[in-house]
Amino acid sequence: QSDHARLSAGEALSGATIFDGDTVTTDSSGTMRIRLGGSQLFLLASSSTSLQRTSDGIHAVLRQGSVVMSSPPDPGIELQASDVRIRPKVGQAALMQVTLVSPEELLVTSRRGELELSIGGEEHIIPAETSYRVLVAPGEQGPQGNGAGRPPVRVARNRLLPVILLGVAAATAIIVWRATVSPDQP
């Protein structure tokens, strides 16, 4: 399904075939739903993603905006936003939303199922029914602006952990406060 969407160079029509390397873009009032086997991608307004087939399945790159992804267990699909790769945890069905706020910031929400998040060679688990703000440290750019000839820069390690710890501390404080308040007090 598509509404105010483009597929590579032309208008995206319902039932159109998407080929390896195609880019799908929605305008400010557009949406598009893409079926990829048992998985589905739903692009929200002002979003863009490109799709490539890999030996493991489908690799979708979110270039701007937001995408909702629904997948069955072991779907063989991975979403990349900035330098972050997100996929359903092996053996679990998942429903997630990823919003690329900027090249250095994204919001990842797991509505159902755990997610595996890879950033800078590190793996993190996003529990079901939680949202995380992921900050990606900008890396040094190579002569062509893509870091060519340089090893990958470790990103967001020191920023994701404090966000997780802050959430755990807040939850612990609320639980302790609730446990210490007497139900007899008005």
Side-chain angles (χ1 to χ4, degrees), residues 5-6 21-34 36 39-52 54 56-71 75-90 92-142 145-147 150-171:
R6 299 184 60 76
D22 276 349
T23 299
V24 180
T25 306
T26 57
D27 68 17
S28 61
S29 63
T31 59
M32 183 161 185
R33 182 174 61 100
I34 305 166
L36 304 164
S39 299
Q40 293 187 38
L41 292 178
F42 187 77
L43 272 72
L44 303 179
S46 301
S47 298
S48 177
T49 189
S50 61
L51 301 164
Q52 292 102 20
T54 66
D56 296 330
I58 302 291
H59 179 77
V61 179
L62 181 62
R63 303 207 181 278
Q64 71 179 36
S66 297
V67 65
V68 176
M69 186 174 83
S70 170
S71 65
I77 189 166
E78 175 181 73
L79 179 67
Q80 179 179 342
S82 190
D83 290 332
V84 180
R85 293 174 183 261
I86 307 139
R87 65 198 151 280
K89 191 168 181 183
V90 174
Q92 293 187 19
L95 177 62
M96 71 170 140
Q97 179 172 338
V98 177
T99 300
L100 186 60
V101 177
S102 73
E104 293 84 29
E105 179 181 356
L106 58 138
L107 301 174
V108 179
T109 300
S110 172
R111 302 214 185 274
R112 180 181 70 224
E114 291 183 327
L115 305 176
E116 294 177 351
L117 184 139
S118 301
I119 184 167
E122 297 178 7
E123 298 287 327
H124 300 276
I125 299 295
I126 305 292
E129 300 179 10
T130 59
S131 293
Y132 284 88
R133 177 177 169 223
V134 181
L135 301 174
V136 181
E140 294 182 17
Q141 298 294 308
N146 65 358
R150 297 182 186 197
V153 178
R154 300 193 112 207
V155 292
R157 173 187 180 139
N158 296 329
R159 293 188 183 173
L160 181 61
L161 186 58
V163 171
I164 293 170
L165 292 176
L166 183 61
V168 170

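- Of the options Val98, Val108, Leu79, a side-chain contact (heavy atoms from CB on, under 4.5 Å) to Leu115 is made by Val108 and by none of the others.
- The backbone N or O of Gln64 lies less than 3.5 Å from no partner atom in the side chain of Ser48, so there is not a single donor-acceptor pair.
- In this structure, Gln92 contributes its side chain and Glu114 its backbone to a donor-acceptor pair below 3.5 Å.
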Could you walk me through whether Asp22 and Leu51 pass the side chain to side chain contact (heavy atoms under 4.5 Å, CB included) check? CA-CA 6 Å; Asp22 276 349; Leu51 301 164; 5.8 Å; no

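- Using a 4.5 Å heavy-atom cutoff, the side chains of Ser47 and Phe42 are not in contact.
- Judged by distance alone, with hydrogens and angles left aside, the side-chain atoms of Thr109 form no donor-acceptor pair with the main-chain N or O of Ser131 at under 3.5 Å.
- From Leu106, atom CG reaches atom CG of Leu117 across 7.5 Å, with rounding to the nearest 0.5 Å.
- Considering all non-hydrogen atoms of both residues, Pro103 and Ser82 come closest at O-OG, 2.6 Å.
- Remark: side-chain polar atoms of Thr54 are paired, donor with acceptor, to backbone N or O of Asp56 under 3.5 angstrom.
- What you find for Pro88 and Ala94 is that their closest heavy atoms are CB-CB, 3.7 Å.
- Distance CD/Glu129 to CG/Leu95: 10.5 Å, rounded to 0.5 Å.
- Using modelled atom types and a 3.5 Å distance limit, the side chains of Thr25 and Arg63 yield no donor-acceptor pair.
- Screening Glu123, His124, Arg85 for a side-chain hydrogen bond (donor to acceptor under 3.5 Å, both in side chains) with Ser118, the sole residue that qualifies is Glu123.
- For the atom pair Thr23 OG1 and Gln52 CD, the distance stands at 8.0 Å (nearest 0.5 Å).
- Between Thr99 atom OG1 and Glu105 atom CD the span is 10.0 Å, to the nearest 0.5 Å.
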What's the verdict on side chain to side chain donor-acceptor pair (under 3.5 Å) for Ser39 and Ser71, showing C-alpha distance, side-chain angles and the deciding distance? CA-CA 4 Å; Ser39 299; Ser71 65; 4.7 Å; no

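- Heavy atoms of other residues, nucleotides or ligands lying less than 6.0 angstrom from CZ of Arg112 number more than 12.
- Residue Glu116 holds its CD atom at 5.0 Å from CD1 of Ile125, rounded to the nearest 0.5 Å.
- We find the CE-CG distance between Met69 and Leu62 to be 11.5 Å, quoted to the nearest 0.5 Å.
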Quick one, Ile58 with Leu36, criterion side chain to side chain contact (heavy atoms under 4.5 Å, CB included). Give me CA distance, side-chain angles, the key distance, then yes/no. CA-CA 8 Å; Ile58 302 291; Leu36 304 164; 4.1 Å; yes

